[in-house]
Amino acid sequence: MHLDAVDLRAFYYRSALGRQAQRVIRDALVRRWPDVRGRTVAGFGFAVPLLRPFLPEARRVVGLMPGPQGVMHWPAGLPNVSVLCEETLWPLATGSVDRLVLLHGLETSDHPDALLAEAGRVLAPGGRAVFIVPNRAGLWSRSDATPFGYGRPYSTSQLEAQLRRNHFRAERTTSTLYQPPRDTRLWRRMAGVMESAGRHIPVFAAGGVLIAEASYSPHRPSRTGLTEAVRRPLRVLEGIAQPVPEPARRTARAGQGDAAGPGPCRAGRSAPRGRVSGASPEGCGSVTALLEGR
């Protein structure tokens with residue numbers, strides 16, 4: 001179930017902890033995509049807090065917000081680029097997005113596979129998508145004080161497996177947001193040190209969120225029956241029995257002429273070569289006998 005846009009806006013724009021989380025995740029995203037000149041960038045869920053750095057250079061920036069969540073005007077002080085849409089039916093053309101970000105969209109969706117299919121539809125060839133979800137091993141997924149405590153948290157293997165089932169290939173998966181979800185001055189002062197340590201020490205991989213960058217490979221169904229269909233094009237005739245050659249039938253069964261005498265000669269039938277039509281040596285005499293009596 002999606003969170004409400006009012007609550008998400010209050011967290012990311014009005015609380016110190018939310019602004020800190022916004023800065024950390026946004027910086028990690030910018031490090032992955034430092035150059036978006038001439039590209040179309042879109043975000044789904046509540047990804048607009050991460051999209052502001054792309055406004056000056058990107059060709060187009062779009063914020064997609066699902067209906068159950070609600071929508072808000074964004075960016076403040078500039079023409080609106082956010083739109084309310086169906087979760088699995090986005091108002092974007094196929095292959096029109098070069099960079100796609102999902103934040104608070106996948107883990108709260110009731111139809112994650114259909115959502116991923118729609119994300120793959122709008123991605124352009126060579127496009128990249130970033131999926132930001134709560135980390136099952138982190139502290140943020142265990143706290144109801146933040147939006148990351150709602151929905152389905154993922155482990156790295158679970159997230160990559162779901163992406164793979166929907167024809168996405170995870171290129172790089174990392175974690176971030178290592179500071180505890182505590183809105184105190186002490187933890188805010190230590191946030192920079194903890195984030196730096198988390199990025200440079202691979203063992204310390206229990207950040208609050210997972211960031212998976214993936215590419216999309218459209219599904220190409222295998223045509224296993226194509227070769228067989230070409231080899232046997234007239235399948236409409238299948239099931240009809242093939243003709244079986246049978247020996248020619250004689251006019252009289254074997255032994256019948258000895259017991260009952262000569263059988264009648266039936267004229268008007270075509271006979272095999274060397275015989276008179278309708279006659280046999282046993283029933284009507286030989287050809288020589290017939291000629292002598294003529």
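Index from 1, following the sequence.
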Could you go through the side-chain contact (heavy atoms from CB on, under 4.5 Å) check for L64 and V83 one step at a time? CA-CA 5 Å; L64 303 169; V83 59; 3.4 Å; yes
From CA spacing to verdict: side-chain contact (heavy atoms from CB on, under 4.5 Å), Q179, L17: CA-CA 10 Å; Q179 65 184 80; L17 182 63; 3.9 Å; yes
Please step through side-chain contact (heavy atoms from CB on, under 4.5 Å) for the pair L123 and L100, ending with a clear verdict. CA-CA 8 Å; L123 270 183; L100 177 64; 4.1 Å; yes
Take L8 and D4 through the side-chain contact (heavy atoms from CB on, under 4.5 Å) test and state the conclusion after the steps. CA-CA 6 Å; L8 292 169; D4 193 276; over 6 Å; no
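What you find for G105 and L115 is that their closest heavy atoms are O-CD2, 3.5 Å. The two residues L92 and A42 make their nearest non-hydrogen contact at CD1-CB, 4.4 Å. In terms of heavy-atom proximity, L55 sits nearest to P75 at CD1-CG, 3.9 Å. Shortest non-hydrogen contact noted between E107 and I132 is OE1-O, 3.9 Å. Smallest separation of non-hydrogen atoms from V71 and M65: CA-SD, 3.6 Å. Across every non-hydrogen atom of A124 and G95, the tightest pair is CB-O, 3.3 Å.
At distances below 3.5 Å, at least one donor-acceptor pair connects side-chain atoms of N80 with backbone N or O atoms of W74. Looking only at distances, a side-chain donor or acceptor of D35 sits under 3.5 Å from a matching main-chain atom of R37. At distances below 3.5 Å, not a single donor-acceptor pair connects side-chain atoms of D98 with backbone N or O atoms of G127.
No side-chain donor from either of S217 and H167 sits under 3.5 Å from a side-chain acceptor of the other. The closest side-chain donor-acceptor pair between Q69 and H104, if any, does not fall under 3.5 angstrom. A donor atom on one side chain and an acceptor atom on the other are found under 3.5 Å apart for R59 and T40.
Enclosure of atom CZ in R169 is not indicated, since only 12 or fewer non-hydrogen atoms of other residues, nucleotides or ligands lie within 6.0 angstrom. Atom CZ of R26 has more than 12 heavy atoms from other residues, nucleotides or ligands within 6.0 Å. More than 12 heavy atoms of other shown residues, nucleotides or ligands fall within 6.0 angstrom of atom CD in E57.
Ring planes of Y12 and F148: perpendicular class, angle over 60° (limits at 30 and 60°).
Taking the side chain as every heavy atom from C-beta outward, R60 and V81 never approach each other to under 4.5 Å. At a threshold of 4.5 Å between non-hydrogen side-chain atoms, the residues L50 and L29 count as touching.
In terms of the side chain to side chain contact (heavy atoms under 4.5 Å, CB included) criterion, residue partners of A47 (sequence neighbours excluded) are, by chain and number, V101, L103. With sequence neighbours left out, R39 forms a salt bridge (Lys or Arg N to Asp or Glu O under 4.0 Å) with no residue at all. Scanning for ring-ring contact (aromatic ring centres under 6.0 Å, His included) contacts around F11 gives an empty result, with sequence neighbours left out. Among residues two or more places apart in sequence or in another chain, the ring-ring contact (aromatic ring centres under 6.0 Å, His included) test is passed with W90 by F44.
In this structure, S157 OG and Q162 CD are separated by 11.5 Å, a value rounded to the nearest 0.5 Å. The CG atom of L177 sits 12.0 Å away from atom CD of Q22, with the distance rounded to the nearest 0.5 Å.
No continuous path of hydrophobic side-chain contacts links L89 to L116 [ILVMFWY only; heavy atoms under 4.5 Å]. Under the 4.5 Å side-chain contact rule for hydrophobic residues, L210 and L139 do not share a cluster. Following chains of ILVMFWY side-chain contacts shorter than 4.5 Å, one can reach Y13 starting from V24, so the two form part of one hydrophobic cluster. The hydrophobic cluster containing L51 also contains L84, counting ILVMFWY residues as joined when their side-chain heavy atoms lie under 4.5 angstrom apart, directly or transitively.
Remark: aromatic rings of Y154 and F131 are distant, center separation not under 6.0 Å.
Ionic pairing of D27 and R31 is not present here: no N-O contact between side-chain nitrogen and carboxylate oxygen is shorter than 4.0 angstrom.
Residue pairs meeting the side-chain hydrogen bond (donor to acceptor under 3.5 Å, both in side chains) criterion with at least one member in residues 136-152, sequence neighbours excluded, are R136-Q158. Pairs engaging residues 111-129 under the side-chain hydrogen bond (donor to acceptor under 3.5 Å, both in side chains) rule: T94-R121, D113-N166, E118-R121, R128-E213 [sequence neighbours left out].
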